[in-house]
Every structure is written in structure tokens, then in C-alpha cells.
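Letters A, B, ... are given to chains in the order of the sequence lines, protein chains preceding strands, and every chain is numbered from 1.
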Amino acid sequence: MRMTSALPWTRSANMAFTLYSLIQTAILCTNAIAVLHEERFLSKIGWGADQSVGGFGDEPGIKAQLLNLIRSVRTVMRVPLIIVNSVCIVLLLLFG
Amino acid sequence: MDYSNQSGFRQRKLQPKFRMRGSAVDSSEPSQLFDDTSPGQSVVDKGQMAYAGQNLLSDPMSNLAMAYGSSLASQGKEMMDKNLDRFIPISKLKYYFAVDTLYVGKKLGLLVFPYMHQNWEVSYQQDTPVAPRFDVNAPDLYIPVMAFITYILVSGLALGTQNRFSPEILGMQASSALVWLIIEVLAVLLSLYLVTVNTDLTTIDLVAFSGYKYVGMIVGVLSGLLFGKMGYYLSLLWCCASIFVFMIRTLRLKILSEAAAEGVLVRGAKNQLRMYLTMAIAAAQPLFMYWLTFHLVR
């Protein structure tokens, strides 16, 4: 018996990363961002869209960029996400 | 230029050459991206096709049909090229493959030994970056693509020496390495967006920079095959250090502001954040290099 097989990190990493799992990850992450509700959740923790507008300086800052990103994902990806999620649900129901 | 009366596809092939010639400072040969021999070839083809046509069918109706068919084909090709150009910018991709042997040799040397190189600036030519053939600092896609394919083959070789090889493993290695590359490029794009860096780094540039680490990985795995674990660790350490220095020196000029890039210590939160970002991108390279190769060497 080889001693190295006892240590868990010396076994071969099962990196079965396929492109399909990347697509799944992308769909899940986009869903997670699109689900953050504007007035029920984001305003409560101070991340609302009206709470980030500072001056008109040239440095938006990381928080403002993040809020911008969340709001634009929600606006742009709403309809495509509905379509993609429906397709995913149908495919998973049919093929498991 | 009196090429306007010729058929569509020949005109399309000649147009990039025309644009290059218009934008170059020095004359003729060295300013073209590729040596285009299309006029010579297509003249010969057209002549042969016309000769064969006249032999087989010699009535005017079939000539008309042939002319109509060829014009339809050229229109279809134009439309397909135009639509494909919308998704994959083919003309921009051509810039990244305009390399020659001397550039590849110098760039590979720079990737494993970047410590003596003094001038890391990309030279420009009337607002467009110079083709990689003429500037060793310009990013290209030839080395990353070749290194990626070589990495997959070398990993197949390494797995074969441990009797762990099967043809599906090659496909899995390829797709998982590709997935890590995509994840890394997306992470870098996201962080560049969040830090609001005004840079001219395009997505393809980032793919090129992320692909340069495959050279170090190949060197590490090959020396691991030849000299065992010690050789693998030593060469991986060397390649990690050189990729780290290479990335920092290349990205410093693109991400940081002018004053900070020259080494002057510029205070301010913005420059500090950008410096952290550069170091994070550069530090991710050795991590990926180790993560993608340690299971190949026993």
C-alpha cells in the first residue's frame, strides 16, 4: 500500500468540469442575482438604487458599481432567464 | 485600385489588404499582416473553371445559369462572413495571429526569463497597436492556443506513463482546462469592471494573458516526467516566479495610471486598489499552474 494514498489531497482531483457544468453555474449565479428584490431586500440593507447615487465625481466606487451591476442584471436578464429556466426545467423533467 | 469590377469574394479578400496598406506608415511588404496571394490563385481558378464550362456546356443558357449560380454563391459567402463577423470578430482575431518565428522565440524566452527585459511598453502606430510580429510586448493568441493544445497532449502523455490513460480523459482534461480559463477571464473582467479601470485591455487580450501560463505548466510537467517530483517542483517554482513577474510588469502599464506605472509612488485609494488588482491577477497564475498540473505528476 502506498503511503501517499492516505492523504486526501494527493489523490487525483476529480475535476470533471465540463462546459455543461459551467453553463449550469452561470444559470444559477444569474438567477441568484436576479432574485434580489429591490424594495423588499436591497433597500433594507442599504443597497437600494436610490441610496448609492453620490456626487457626479469620476469615481463611482466599488459599492456603486456592484449596485449598478445588480440592477442591470435584473433589468436585462429578466426575460431571457425566464426562457432559459423554463427550458432547463423541461429538460430536467424529461431527461433527469 | 481598379478591383471594383471583379466578383464579390475576391473583393472581400482584397479589402483587408487595402485597409492595412492605407493605415501603415512604411511601404509595402512589412506592413501587411499576412502575405496575401489570393489574386494569383483565384485568377487561375476562374480561368480553369471557365475553360471547363466552355468544354462541357456551350449554350448561352448554361453560361447564364453558371454566372447566376456563382453570383449567388459569392453573395451567400459575403452574408455568412458578415454575420459571422458580428459574433466572432474575425478581423480582430487576425491581428493576434500575425506572428513569426522570431517573435515566438523571443516571447517564449520572455515567459521563462523576464528579468532582463527593460522596455515593456507596447508600441503603437497611429492609434492602433503594432502587430505582434514587430513588437515583442504585444499579446498574441498563437502561443496560448498552441500551449493549450500541447498541455492537453502532455497531460495525456503523463497520465499514460502512470497507466491512467483512456481517450475520454483527453476530452475531460481539455474541457476542464477550458472551463478554468473561462472562469478566470470572467473573474478578471468582473474585477476590472468593479474597479472602474479605464484601460484598453480587450477580452481577447485577457484570454491571451491567461493563456501564457500554459507554457510554464508544460515545462513543469515535462521536467516532472523526466526528473521526477523534484524536477517538477523546481521547474514549476521557477516558471511560477517568472510568470508572476511577467504578468505584473505587463499589466502594470495597462491598468495603473501613467505616473504609478513609472515607479513613482502615487498615493491615493484608487491606485492602491489597482495595484492590489494587478497583484491578485498575477498571483492567480501560479495558483492555477499548480492546480492544473499537480495531479499529473506522481
Verdict with supporting geometry, B/Val179 and A/Leu19, side chain to side chain contact (heavy atoms under 4.5 Å, CB included): CA-CA 6 Å; B/Val179 162; A/Leu19 284 174; 3.9 Å; yes
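Heavy atoms closer than 4.5 Å to chain B are found in the side chain of A/Leu22, but not in its backbone. B/Ile183 touches chain A through its side chain: at least one heavy atom from C-beta onward sits under 4.5 Å away, while N, CA, C and O do not. When heavy atoms are compared at a cutoff of 4.5 Å, B/Ile182 approaches chain A solely by way of its side chain, counted from C-beta outward.
Other residues, nucleotides and ligands contribute over 12 non-hydrogen atoms within 6.0 Å of the OH atom of B/Tyr124. Under a cut-off of 6.0 angstrom, the local environment of OH in B/Tyr142 is sparse, with at most 12 non-hydrogen atoms contributed by other residues, nucleotides or ligands. More than 12 heavy-atom neighbours from other residues, nucleotides or ligands sit within 6.0 angstrom of CE on B/Met146.
Taken from CG in B/Leu190 to CG in A/Leu66, the straight-line distance is 7.5 Å, to the nearest 0.5 Å.
Remark: side-chain polar atoms of A/Gln65 are paired, donor with acceptor, to backbone N or O of B/Tyr193 under 3.5 angstrom.
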